[in-house]
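Numbering starts at 1 and runs along the sequence shown. Remember, predicted model here, so these are calculated numbers, not experimental data.
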Amino acid sequence: MPCSLIETSNNFCGGGDGGDVNGRIHNLKLNEHTFLASLMPKKEIGADRFIEAHPHYDGRGAVIAIFDSGVDPAASGLQLTSDGKPKILDVIDCTGSGDVDTSKVVKADKDGRIQGASGASLVVNSSWKNPSGEWHVGYKLIYELFTDTLTSRIKKERKRKWDEKNQEEIAKAVLHLDEFDQKYTKVEDLKLKRAREDLQNRIDLLKKQGDSYDDKGPVIDAVVWHDGELWRVALDTQSLHDDRKCGKLADFVPLTNYRIEQKYGIFSELDACTFVVNVYDEGNILSIVTDCSPHATHVAGIATAFHPQEPLLNGVAPGAQIISCKIGDARLGSMETGTGLTRALIAAVEHKCDLINMSYGEPTLLPDYGRFVDLVNEVVNKYRLIFVSSAGNSGPALSTVGAPGGTSSSIIGVGAYVSPAMAAGAHSVVEPPPEGLEYTWSSRGPTADGDLGVCISAPGGAVAPVPTWTLQGRMLMNGTSMASPSACGGIALLISAMKAAGIPVSPYSVRIALENTSIPVGGLPEDKLTAGQGLMQVDKAYEYIQKSQDLSCVCYQIKVNQSGKSTPISRGIYLREATACQQSTEWAVQVEPRFHDDASKLDQLVPFEECIELRSSNNAVVRAPEYLLLTHNGRTFNVVVDPSNLADGLHYYEVYGIDCKASWRGPLFRIPITITKPKAVLNRPPLVSFSKMSFLPGHIERRYIEVPLGASWVEATMRTSGFDTSRRFFVDTVQLCPLRRPIKWESVVTFSSPTAKSFDFPVVGGQTMELAIAQFWSSGMGSHETTIVDFEIVFHGIGVNRTEVVLDGSEAPIRIEAEALLASERLVPTATLNKIRVPYRPTEAKLCTLPTNRDKLPSGKQILALTLSYHFKLEDGGEVRPHIPLLNNRIYDTKFESQFYMISDTNKRVYAMGDCYPASSQLPKGEYTLRLYLRHDNVQYLEKMKQLVLFLERNLEEKDVIPLNFFSEPDGPVMGNGTFKYSILVPGIKESFYLSPPNKDKLPKCSSQGSVLLGAISHGKLSYAGEGKNPQKNPVSYQISYVVPPSKIDEDKGKGSSSASTKPMAERLQEEVREAKIKVFGSLKQDSDEDRSEWKKLAQSLKSEYPKYTPLLVKILESLLSRSNIADKIHYYDKVISAADEVIDSIDADELAKLFSLKADPEDEDSEKNKKKMETTRDQLAEALYQKGLALAEIESIKGEKPSALAASEAVSSDLRSDLFEENFKELTKWVDVKSSKYGTLYVLRERRFGRLGTALKVLNDMIQDDGEPPKKKFYEMKLSLLDEIGWNHLSTYERQWMHVRFPPSLPLF
């Protein structure tokens, strides 16, 4: 996710400095010049001094790839560079979220009209060149291209206008009802009552529609064609405009791929949203590119904005150019995806970029690992791109740096710094800090494998350009997201100078120059874990580069492992746990010089030799050899670390290598050594307190505690005193466990007055826990009063022999053994099953090679895609969450490239999309397909995934949640005695109890064999908590699962009929032959005239052979109804009426009614059989009447008849002639509920015939709502027809937009 915040209060992240870069500043006063300069900080990193000294080295010649949420090319300051070149060279949506399927090709008619993919009739501009005459068409729901914020604004405006129109129609409807009531004071006649009911229904419908209004947004049509030279694109955006004359396709100024002409469009004045287009796959894919948040534009502005009228607001490198690579997927809010990241790297190499800035990141369980990291290594080492990225916003605790910026060796990770000038100007604090400092929330190192994590720091806040749709020019944002482009812009200045001076550009030489010329932030060695090597200085770094330009471009890869152990391999030494801090350890350090892939073996690798002096920052704790002769193949040396005499707390040291012949170069490589010596908790009960800690703004106190073995949760109290104005604190705890993301608990607490607050959180026994308490950097500024904090921690724990419990589906209970190792605890076990997880295998697997160059790796390999389809059915609606154990919850720390899923119904409507962090989605009852999309360039990996198991997880309804019982005896679940409620655990004494499996009768209906019921089990309670039955609300809970066993065998299943058939064999044989003939007849095709002729002959023959046999006549009717492409429709519907009449005449309705009046004996098997036979006959009769009615209505519609002027006359006259439709309808009402979804269409048509359109709409809406199946398109088409007829244009427009959501012609592209 983006590593930034938009400041609305003091909840932000900032950076910069005013005078002597990190020196103290007292009584800072701003003027207009310094205020404007503070909004876009450059002085802090020496960028202003550098450009003043080198005006033409302002980024010119440098190209930066912005990996982010998409840059707005219309934003202020992002049109031109300082030397007049286009600022933005390309704008690319790497995620595919804006892709439109334009594979459908149409041709224009003689009037220049084409049918758009949305169904709209479009006129193409006659001046557009299109030699082939082929127009590729597609459409897009506009809200899919907008951010949530913009969509919300547009929806509000559209709702206001829609409400105005709806209120107008309501007023008209009320007026018509009033006029009716005045005309007919007494409404006793049935027909008058129905007429009045219709008028009232119209009012009710309009009101109800206003309450249920849910705007899915306008639809835009896209047209793509080749003009003989380029692919061109035009959009029809009429649906976005109030004036339908605006936004026509023919008036659109055609665009082509942004890279070619650098042109963009704006959808409408209402949204003010900029877009660009790119065409792929020979016109079959159109990418409409918009931004998915203001983040990227802000980032690009910090790095490169150029404001000739206001140079103080320029970005750091106003002469640099950029390409925008959108990695934030609009379908997921703005979350990055593996597809987006890979395509972005491909684009950066293709455009020959010099730099990449990526202000995105996530936690990781393995540093410097994963598919994306592998590709980044190739890009940096082979193509010499310099990759800069944010370290993260998860501080102030240590080991909180995120991937990839803070955890990858090839990437320059940047921390966020705030200067006094920035605090005073950009953040408008009352009294700025006396010196610059790192923002409180800026992530800290080291990584889990001991690397420093943060490389350098840069200003982490700015007022920079934002997209036009925000309706403002600039905005203040804070975060390491802002620090990264500040550093990236500074590096662009270096590249500009290096290219101008003919100095080879290498990420290796630039990085060492930055690190060795940065100014330290803070005066303690451990401050490097916060700010890296310090605040970068552009001018000093360039001096270093100039001096070292003739030296080899080389970086030094560090691999460390403890002597005697081959694994794990790390990049530093991190002694965190208590046992590691109690004795000396020896470590093998391998230093391997790394050259670029194109380095000459003879000219560069063979001659490489450096005499290295090894130095330790503290020889009393860290000892290393004095010298090392380093060649291309690398060397290994040993380091001894002795932390045994150190005090409790944080200690940081380095072993670094200096070139003996050129000590001015500074450290060529560093081995970071971090020691967090924890405090042991020896007293019982286990309590530790830290008293009278003093805090000023930005101050951080760190305490390291060895969590006692047996502890599983903490109850803590924080007391504050000694201050006046409110104080804001960050309270974090972090524990590290192998192959897990850092276990972090955090709380942001505001104290408006001196008081105490309590916390509780889980811990892992035996692991060191860091407690970091920080007063927010801007909290309490101007007060001058110190905040005093007392913090008390009490450890609790109940140890059990089973943490995660699996019930295997049998009746046997599970024995659980519990003990308290620290102090007496109340044992109160609680367990519930509240979720169900059902496994699925794919029903289809499609593997293909992706066709476009955007999916071709720099190595030349084409990426492949595997699409897996999973079908599932929900018997009732509910929330569903996909779960793929192998792939979920990993973006960067996975060797697979990407994953993306869509859930759609049988109408192709997409209900949910997601990636590695699947969310729950509300789905109605019905059948669904989940398509999972996986990508990689290695076909063998994808082949192994073709049978990938996917789980669908549902929360059980509250009534179906299963509480589990506990017993003190093994037979308790069966015998029902020995219930276990609670006990007091005493240290040293174990207790056991049994967990009973659920009662089989209480299993939810949706639990099939092989599915798993999930829940939680807890054993203890907070000392201050009351009774509660939800284990997840207790301090520590563990997963519990129950494997659903096979269902019990139905005892009645398989039993034969009690009475054998009494019919003679010959008669039974005749019946079998008859049914076989009818079955064959029903399977006959009727595609051609010859087929239909044969069908007709056979139908006549069978009717002669089996006269008035209802099942045969039903089959004939069904076969007629199955025909398509009817030419003479009146003749066809006459045949349907005739066939229906034959079915009706074959049934003795009077006899059937008489039989239905008799009550069947449920105990009598023959009586039950007769009842079912009667019901079948009744259904056949009803279906025939229904189809006859539909056919009569269709004939009327084709002839354009209004029978007997029914709409006008029914209310006042009863002298109507006999009406076949009405007679048929009345006959149908005798047998079925004509308002049901099965037969309601006829009721709607009847009301329509009589002009009662309000009642017709009401019945139709009820049918749609009551229909348990997926939405039927014919119902909604009928609804649209009624709305058009009644004249409610605002409603028909609304429903037409919904049609594209409910019934899309195809599934969207991945």
Step through the shown structure and confirm whether more than 12 heavy atoms of other residues, nucleotides or ligands are within 6.0 Å of NZ on Lys1235. no
Going by side-chain hydrogen bond (donor to acceptor under 3.5 Å, both in side chains), name the residues that satisfy it together with Arg890, two or more places apart in sequence or in a different chain. none
A quick test of your reading: do over 12 heavy atoms of other residues, nucleotides or ligands sit less than 6.0 Å from CG of Asp204? yes
Quick one: do the Tyr1294 and Asp215 side chains pair a donor with an acceptor below 3.5 Å? no
Working for side chain to side chain donor-acceptor pair (under 3.5 Å), residues Thr147 and Thr149: CA-CA 5 Å; Thr147 66; Thr149 304; 4.6 Å; no
Any donor-acceptor N or O pair under 3.5 Å, side chains Ser810, Asp808: yes
Would the number of heavy atoms belonging to other residues, nucleotides or ligands and lying under 6.0 Å from CD of Glu958 be above 12? no
Pair Arg931, Thr929 - check side-chain contact (heavy atoms from CB on, under 4.5 Å), show working. CA-CA 6 Å; Arg931 293 187 303 147; Thr929 299; 4.1 Å; yes
Given Trp713 and Phe795, is the ring pair (Phe, Tyr, Trp, His ring centres under 6.0 Å) satisfied, shown in steps? CA-CA 6 Å; Trp713 80 90; Phe795 292 97; over 10 Å; no
Does Tyr1276 have more than 12 heavy atoms from other residues, nucleotides or ligands lying within 6.0 Å of its OH? yes
Taken in chain and number order and not counting sequence neighbours, the residues that satisfy side-chain hydrogen bond (donor to acceptor under 3.5 Å, both in side chains) with Thr400 are none
Between Arg909 and Ser904, do the side chains contain a donor N or O and an acceptor N or O under 3.5 Å apart? no
Between Glu897 and Tyr941, is any side-chain donor less than 3.5 angstrom from a side-chain acceptor? no
Modelled atom types, side-chain donor and acceptor of Glu927 and His871, under 3.5 Å: no
When the ring centroid of Tyr911 is compared with that of Tyr928, is the distance short of 6.0 Å? yes
I'd like to know if the side chain of Lys1279 pairs up with that of Asn1261 as donor and acceptor (distance under 3.5 Å, no hydrogens or angles considered). yes
Report all side-chain donor-acceptor pairs from residues 970-985 shorter than 3.5 Å, counting only partners two or more places apart or in another chain.
{"from": "Ser983", "atom 1": "OG", "to": "Glu991", "atom 2": "OE1", "distance (Å)": "2.9"}
{"from": "Ser983", "atom 1": "OG", "to": "Glu991", "atom 2": "OE2", "distance (Å)": "2.8"}

Within a reach of under 6.0 Å around NZ of Lys1000, are more than 12 heavy atoms found that belong to other residues, nucleotides or ligands? yes
Are a donor atom and an acceptor atom from the side chains of Ser1037 and Ser1018 found within less than 3.5 Å of each other? no
Enclosure of Lys1002 NZ (heavy-atom neighbours >12, cutoff 6.0 Å): no
